[in-house]
Protein chains: 2
Amino acid sequence: MSRTPLHPTREQIELPMVLDCLSDPIRLAIVYQLAQQERVSSELCCGDFSGLGGKSNLAYHFAKLRECGLMQTRVAGTNRFMRLRREDLEARFPGLLDAVLSSAARDADRLPLVSGCELVEGDRK
Amino acid sequence: MSRTPLHPTREQIELPMVLDCLSDPIRLAIVYQLAQQERVSSELCCGDFSGLGGKSNLAYHFAKLRECGLMQTRVAGTNRFMRLRREDLEARFPGLLDAVLSSAARDADRLPLVSGCELVEGDRK
DNA sequence: CCAATAGTTCAATAAACCTTGAACATGGGG
DNA sequence: CCCCATGTTCAAGGTTTATTGAACTATTGG
């Protein structure tokens, strides 16, 4: 089994793929939630997004986010921790991620809600 | 026949739709070319994009760009003149269009080429 | 060792998408 | 007035997409 999932290199990140990835409301919400959480911890695991859909559907969206270079996944035991590839995105397309995130923030009420997901981080081994 | 095609109001412009629209290489090239040309004249007509595909395919992409609020179309005789809705986009999602355009500029070589389209504007009635 | 947990993978389905060509509408120039 | 140029609309195709549930793998804790 792929111990470490495939990620594109920085140079392999393609603009149309990134935009396409961000154009899906669920994936946009994932990225948005990941960005919101960055001040607390830079990582979240799959289960933290359960408010956005079923497990297998989320796994599908996670894969797309990984393949287009937006997210990185780290395997730790039975968990997968994911974080935004901010530095790579910024190097490749300066200002783009921030512009999308602040645009999403303006329309946060139109994003799929994260339903009761308390998001009380703080301790995670 | 729709004398003036439908355009969404500023408030109706949706982020996922805009990103989805820009994620297609042909549409991204259309928007990019429109932006490039802005210093000369803020409008181009359909035929100016013939390097990017067949007429009916382009009409399809123009419609999508219109429906998502990226472009506006003005009918003049037998021509349709189109321009970017910069002000509306900027009001709705500040910085987004510029970030996408400068990202596209970095990868201009990966955009569909505008093949021999000389782009010698200057006079257009 | 067993059971529960966390995620992925697979197959199937329905919807949306891009592309093409043919038919159509409309306005301008000889 | 007729024809040509400019675009749009329509139907058809083939491809990709999102979503679901069931089966599967792997790790942790008792």
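The model shown is predicted, which means the values in this text are computed figures rather than measured ones.
- Scanning for side chain to side chain contact (heavy atoms under 4.5 Å, CB included) contacts around B/Gln12 gives B/Pro8, B/Thr9, with sequence neighbours left out.
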Donor-acceptor pairs are to be reported for all side-chain atoms of residues 18-26 of chain B against protein atoms at under 3.5 Å, with residues two or more places apart or in another chain.
unit_1  : atom_1 : unit_2  : atom_2 : d
B/Ser23 : OG     : B/Asp20 : O      : 2.7
B/Asp24 : OD1    : B/Ile26 : N      : 2.9
B/Asp24 : OD1    : B/Arg27 : N      : 3.2

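- A/Gly77 comes within 4.0 angstrom of sugar-phosphate atoms only, judged by non-hydrogen atoms across all strands, and of no base.
- Residues meeting the side chain to side chain contact (heavy atoms under 4.5 Å, CB included) test with A/Ala105, sequence neighbours left out: A/Tyr32.
- Remark: B/Glu14 pairs with A/Arg110 by the side-chain hydrogen bond (donor to acceptor under 3.5 Å, both in side chains) rule, at least two apart or across chains.
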Collect all protein-nucleotide pairs involving nucleotides 14-17 of chain C in which both atoms are nitrogen or oxygen and the distance is under 3.5 Å.
none

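- Every residue two or more places apart in sequence or in another chain that forms a side chain to side chain contact (heavy atoms under 4.5 Å, CB included) with B/Ala76 is listed here: B/Arg74, B/Phe81.
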Tabulated below should be each protein N or O lying under 3.5 Å from an N or O of nucleotides 21-24 of chain D; please produce it.
unit_1 : atom_1 : unit_2  : atom_2 : d
D/dG21 : N7     : A/Ser56 : OG     : 3.3
D/dG21 : O6     : A/Ser56 : OG     : 3.3

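- Dashed line: the shortest gap from a side-chain N or O of B/Asn79 to OP1 or OP2 of C/dG27 is not under 4.0 Å.
- Partners of A/Phe62 under the ring pair (Phe, Tyr, Trp, His ring centres under 6.0 Å) rule, at least two apart in sequence or in another chain, are A/Phe49.
- In summary, the side chains of A/Thr73 and A/Arg66 do present a donor paired with an acceptor at a separation below 3.5 Å, with no hydrogens or angles considered.
- For the pair B/Arg74 CZ and C/dT26 P, the computed distance is 19 Å after rounding to whole Å.
- With sequence neighbours excluded, no residue satisfies side chain to side chain contact (heavy atoms under 4.5 Å, CB included) with B/Ala59.
- Residue contacts for B/Leu58: at a heavy-atom cut-off of 4.0 Å it reaches no nucleic acid atom on any strand shown.
- Partners of A/Glu11 by salt bridge (charged side-chain N to carboxylate O under 4.0 Å, His left out), not counting sequence neighbours: none found.
- Taking the screw axis at each terminus of the helix from C/dC1-D/dG30 to C/dC17-D/dG14 from five consecutive base pairs, the angle between the two is 20° to within rounding of 10 degrees.
- Listed by first then second residue, pairs satisfying side-chain hydrogen bond (donor to acceptor under 3.5 Å, both in side chains) with a partner in residues 88-98 of chain A read A/Arg10-A/Asp88, A/Arg85-A/Asp88, A/Arg86-A/Asp98, A/Arg92-B/Asp107, not counting sequence neighbours.
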